[in-house]
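So the structure is just underneath, and the comments pick up after that.
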Amino acid sequence: MNVGDLQRTHSCGELRAAHVGRVATLMGWAHSIRDHGGILFIDLRDHAGLTQLVIDPERAPEAHATARQVRSEFVLAAVGEVAPRPQGTENPGLPTGQVELHVKRLDVLNEAVPPPFPIEDDLDAGENTRLQYRYLDLRRPRMQKVLRARHEICQVMRSYLSSQGFLEIETPMLSKSTPEGARDFLVPSRLNPGRFYALPQSPQLYKQLLMVAGMNRYFQIVRCFRDEDLRADRQPEFTQLDIELSFTTPDEICDLIEGLFARIFEEVLHTDLPRPIPRMAYAEAMSRFGTDAPDFRYGLEILVLDDLFRSTAFKIFAGALAKGGTIRGLLLPPGGKEWSRSELDRRAEWAKTFGASGLAWLRREGEGWSGPIAKFMSSQEGGELVRRTNAAPGSLLFLVADSRDVAAGVLGRLRRDLARELNLVPQGRFDFVWVTDFPMFEFSQEEKRWVAMHHPFTAPRWEDLDRMQSDPGSVRAQAYDLVLNGTEIGGGSIRNHRAAIQRRVFEALGIGPEEAERKFGFLLQALQFGAPPHGGIAFGLDRLVMLLTGLESIRDTIPFPKTQKGICLMTDAPSSVDERQLREAHVRLVGSDSD
RNA sequence: GGGGACGUAGUGCAGCCUGGUUCCAACACGCCGCCCUGUCAAGGCGGAGAUCGCGGGUUCAAAUCCCGUCGUCCCCGCCA
């Protein structure tokens, strides 16, 4: 059952007409078996492809006897002569379809119980089963292709960044829990009772310290951990391409990254990346697209209609404006679909789940507009609205009157939903955009304080420094996100390299001097020893691979992902542990277990 | 923490709304056996395989209705 005296000479994807006449030894899995009673065919599969084995009872009786025992997914070694397929039996659907292997010797290297699902691309197995038998799922050519693409992307990242003077440097996985940001995964310390390490949410502080250390340019393809609820594009552990440079500017970082993506497109996707990647300020993205990650692949831009409804008779609109709110619209051209009244009502309910007080609508009809709120509009307003929106008859205009944030948010989601629902999103396109000029802080209603929009180590724009205490909301950050097809794939910033400014940022976040010292003393101290100006960026690798390979779930880009509850269906992690292990870790269970 | 969808042979699904001889649960693929010498989704004949996720309730009667619970997926909150 071992490889024994045999040596593999070719992969199963490799033999062509040029190999005819040669003796080849192939090893792989029995993909499909077609037993004609006499002659018997086996498609042998490995990482590279399929090759047809022909086992003839007259030419190779011993091999034939073995072959009759072979079942799906048996592991085989086949020795034979590469032969052209008889005229008319070539298979143009296979790269190896011009030839076949006339087997002289067949060894069973391992048997296999029947797999729970067939190892093939057009698979109908549910994700549960796939995750439980992930090693079989990963045998499928499609999954192998994704992991290969992921590898190639990483290879380009390493070689490109290397060529630009970056060093790949590792940072600790057992790290320190810090406030701000996501919930940490904690690791109890056996040697230090009552103390815990945290798994890194990102190597942020270490990479900044590497800049203080004079490493100049750093990168790492690194695992990060965040103990938050999961989504189709979020896993508790995920991989980042993490980058940091000294003596740099946002422009230099953008150029560097565009160069990287140009290489990835060239070498992995074999297409060109249009450059330069356009840039858009956060405020513009929010107002035109209702999100900080705009998708340019379709239209449906958000309309600002405040001035038009300045003296509206519609009390709800007038009230929103009086409170300093805004009235914004989204115009849906005719022809997409017929909207029933109940569907529109459902949409309004949907809008309320995002905090909107409602979702009004008008249908362009005849000379003006119809719909429940049309009666509040003067013919003058209606005419102006037609001019402003260029609405063709039959168009549907959704309207939200609310605070800027809520209105933009709801219409941004509506825009994305409608584009998807009405099939307005072109496939196979890659639209990148840099989003810049983020606000430094946003107010957290929950915590009743300002929190960092990017992270607390981001530098404010120098010209906004004076307003840090007086008007935090107006301070812009030296931060930038890279967005691909409406998904944030990476973000970064110039950091605070001077301790004094970093202290002021902490203060604006409500982190007093004492707490700052306790939680971030090591950083503040390091910044005092001649920290160079520096900045960087980080990319979500799993998400990037997902987008570049056209997948819909991050799980398909990760060999062994977890479910939405953070469970590994294959190993059943997380699991309970022995009482002894808990004692050693100085951990005692509370809650339902001790009740 | 909240909303929604789903859970039926190894796999994918039908049946559920309107409970009962189309339900001791159908179909397809897979599996097992036999036949078959050029297939590549091989073909033909036959066969095995299901505590209808789990627990409780309603009812003369539950895959079907109700309650609870577990699991998976999608979303909101959350994720600097």
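To find a chain, count down the sequence lines: A is the first, B the second, and so on, and within it residues start at 1.
Side chains of A:Asp471 and A:Ser474: a donor on one and an acceptor on the other come within 3.5 Å. A:Gln220 and A:Thr171 are linked by a side-chain donor-acceptor pair at a separation below 3.5 angstrom, with hydrogens and angles left out of the test.
Atom P of nucleotide B:rC76 and atom CZ of A:Arg413 are separated by 5 Å, given to the nearest angstrom. Summarising the geometry, the separation between CD on A:Glu552 and P on B:rC75 is reported as 10 Å, rounded to the nearest angstrom. At whole-Å resolution of the value, CD in A:Gln69 and P in B:rC31 are 15 Å apart. B:rC31 atom P lies 11 Å from atom CD of A:Glu73, rounded to whole Å. Computed from coordinates, the A:Glu349 CD to B:rC76 C1' distance equals 15 Å when rounded to whole Å. Rounded to whole Å, the distance from CD on A:Glu447 to P on B:rC78 is 10 Å. Taking atom CD of residue A:Glu228 and atom P of nucleotide B:rC75, one finds them 16 Å apart after rounding to whole Å. One atom, CG of A:Leu230, and another, P of B:rG71, lie 14 Å apart when rounded to the nearest Å.
Under the Watson-Crick or G-U wobble criterion, with both distances below 3.5 Å, B:rA28 is paired with B:rU11. Pairing for B:rC60 is with B:rG20, a Watson-Crick or G-U wobble pair whose two hydrogen-bonding atom distances lie under 3.5 Å. When both distances must be under 3.5 Å, the Watson-Crick or G-U wobble mate of B:rC6 is B:rG71. Nucleotide B:rC52 forms no Watson-Crick or G-U wobble pair with any nucleotide shown, as no partner meets the under 3.5 Å limit on both distances.
The existence of a salt bridge linking A:Arg226 and A:Glu228 is excluded, since no basic side-chain nitrogen approaches an acidic carboxylate oxygen closer than 4.0 Å. Under the 4.0 Å criterion applied to side-chain N and carboxylate O atoms, A:Glu349 and A:Lys352 are assigned as salt-bridge partners. Between A:Arg420 and A:Glu552, no side-chain nitrogen of the basic residue sits less than 4.0 Å from a carboxylate oxygen of the acidic one, so the salt-bridge criterion is not met.
A:Tyr135 and A:Tyr133 have perpendicular rings, their planes meeting at more than 60° on a 0 to 90° scale where under 30° would count as parallel. Ring pair A:Phe438/A:Tyr282 is tilted by interplanar angle, where 30° to 60° counts as tilted. Ring orientation note: the planes of A:Phe522 and A:Phe520 are tilted relative to one another, at an angle of 30° to 60°.
At B:rC74, one or more side-chain N or O atoms of A:Gln564 fall inside 4.0 Å of OP1 or OP2 (strictly under the cut-off).
The same atom, P, is picked in B:rC67 and in B:rC24; the two are 26 Å apart, to the nearest Å. B:rG68 and B:rG30 are spaced 42 Å apart, taking the P atom of each and rounding to whole Å. The separation of B:rC74 from B:rA62, taken at their P atoms, amounts to 36 Å, rounded to a whole angstrom. Across B:rC23 and B:rA63, the matching P atoms stand 13 Å from one another, rounded to whole Å. One C1' atom belongs to B:rG19, the other to B:rC65, and the distance between them is 8 Å to the nearest Å. Taking atom C1' in both B:rC40 and B:rU21, the straight-line distance is 45 Å, to the nearest Å. Between B:rA26 and B:rA14, the two C1' atoms lie 6 Å apart (nearest whole Å). Taking atom C1' in both B:rG47 and B:rG3, one finds a spacing of 48 Å when rounded to whole Å.
Using a 4.0 Å heavy-atom criterion, one finds that A:Ser202 contacts the bases of the nucleic acid, with or without backbone contacts as well. If you check every strand for non-hydrogen atoms under 4.0 Å, A:Glu90 touches a base. Nucleic acid contact class of A:Arg130 (heavy atoms, under 4.0 Å, all strands): none. Residue contacts shown for A:Glu100 include a base, since a base heavy atom lies under 4.0 Å away.
For the contact set between residues 473-490 of chain A and RNA chain B, defined by any heavy atom under 4.0 Å, there are no members.
Residues passing the side-chain hydrogen bond (donor to acceptor under 3.5 Å, both in side chains) test with A:Asp233, sequence neighbours excluded: none.
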Considering only distance and modelled atom types, tabulate donor-acceptor pairs under 3.5 Å from the side chains of residues 64-71 of chain A, sequence neighbours left out.
{"unit_1": "A:His64", "atom_1": "NE2", "unit_2": "A:Gly38", "atom_2": "O", "d": "2.6"}
{"unit_1": "A:Thr66", "atom_1": "OG1", "unit_2": "A:Glu62", "atom_2": "O", "d": "3.1"}
{"unit_1": "A:Arg71", "atom_1": "NH1", "unit_2": "A:Arg68", "atom_2": "O", "d": "3.2"}

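Taking OH of A:Tyr218 as the start and CD of A:Glu244 as the end, the distance is 8.5 Å to the nearest 0.5 Å. Once rounded to the nearest 0.5 Å, the distance linking CZ of A:Arg495 with NE2 of A:His534 reads 6.5 Å.
Side-chain N or O atoms of A:Gln240 include none that pairs as donor or acceptor with a backbone N or O of A:Arg223 at under 3.5 Å. Between the side chain of A:Ser493 and the main chain of A:Ala479, no donor-acceptor pair closer than 3.5 Å is present.
In the set B:rC76, B:rC79, B:rC31, the nucleotide with an atom closest to the side chain of A:Phe354 is B:rC76. The side chain of A:Lys565 sits closest to B:rG71 out of B:rG71, B:rC79, B:rU39. Nearest to the side-chain atoms of A:Arg234 among the listed nucleotides B:rC79, B:rC40, B:rC31 stands B:rC79. Closest contact between the side chain of A:Gln52 and the listed nucleotides B:rU72, B:rC40, B:rC31 involves B:rC40.
A:Ile567 places a side-chain heavy atom less than 4.5 Å from the side chain of A:Pro574.
The 12-atom threshold is exceeded at CZ of A:Phe185, counting heavy atoms of other residues, nucleotides or ligands nearer than 6.0 Å.
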Sub-3.5 Å pairs of nitrogen or oxygen atoms, protein against nucleotides 11-13 of chain B:
{"unit_1": "B:rU11", "atom_1": "O4'", "unit_2": "A:Pro116", "atom_2": "O", "d": "2.9"}
{"unit_1": "B:rG12", "atom_1": "OP1", "unit_2": "A:Gly126", "atom_2": "N", "d": "2.8"}
{"unit_1": "B:rG12", "atom_1": "OP1", "unit_2": "A:Thr129", "atom_2": "OG1", "d": "3.4"}

Could you list, one pair per line, each protein nitrogen or oxygen that sits under 3.5 Å from a nitrogen or oxygen of nucleotides 1-6 of chain B, together with the distance?
{"unit_1": "B:rG1", "atom_1": "O6", "unit_2": "A:Asp229", "atom_2": "OD2", "d": "3.3"}

Show the distances under 3.5 angstrom between N or O atoms of the protein and N or O atoms of nucleotides 41-47 of chain B.
{"unit_1": "B:rA42", "atom_1": "N6", "unit_2": "A:Asp35", "atom_2": "O", "d": "2.8"}

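For A:Arg59 and A:Glu446, each mapped to the nucleotide of RNA chain B holding its nearest heavy atom, the one lying further toward the 5' end belongs to A:Arg59. Sequence order on RNA chain B of the closest nucleotides to A:Thr563 and A:Arg71 puts A:Arg71 first from the 5' end.
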| request: List the steps and the verdict of salt bridge (charged side-chain N to carboxylate O under 4.0 Å, His left out) for A:Asp43 and A:Arg34. | output: CA-CA 9 Å; A:Asp43 287 339; A:Arg34 297 178 292 280; 3.0 Å; yes
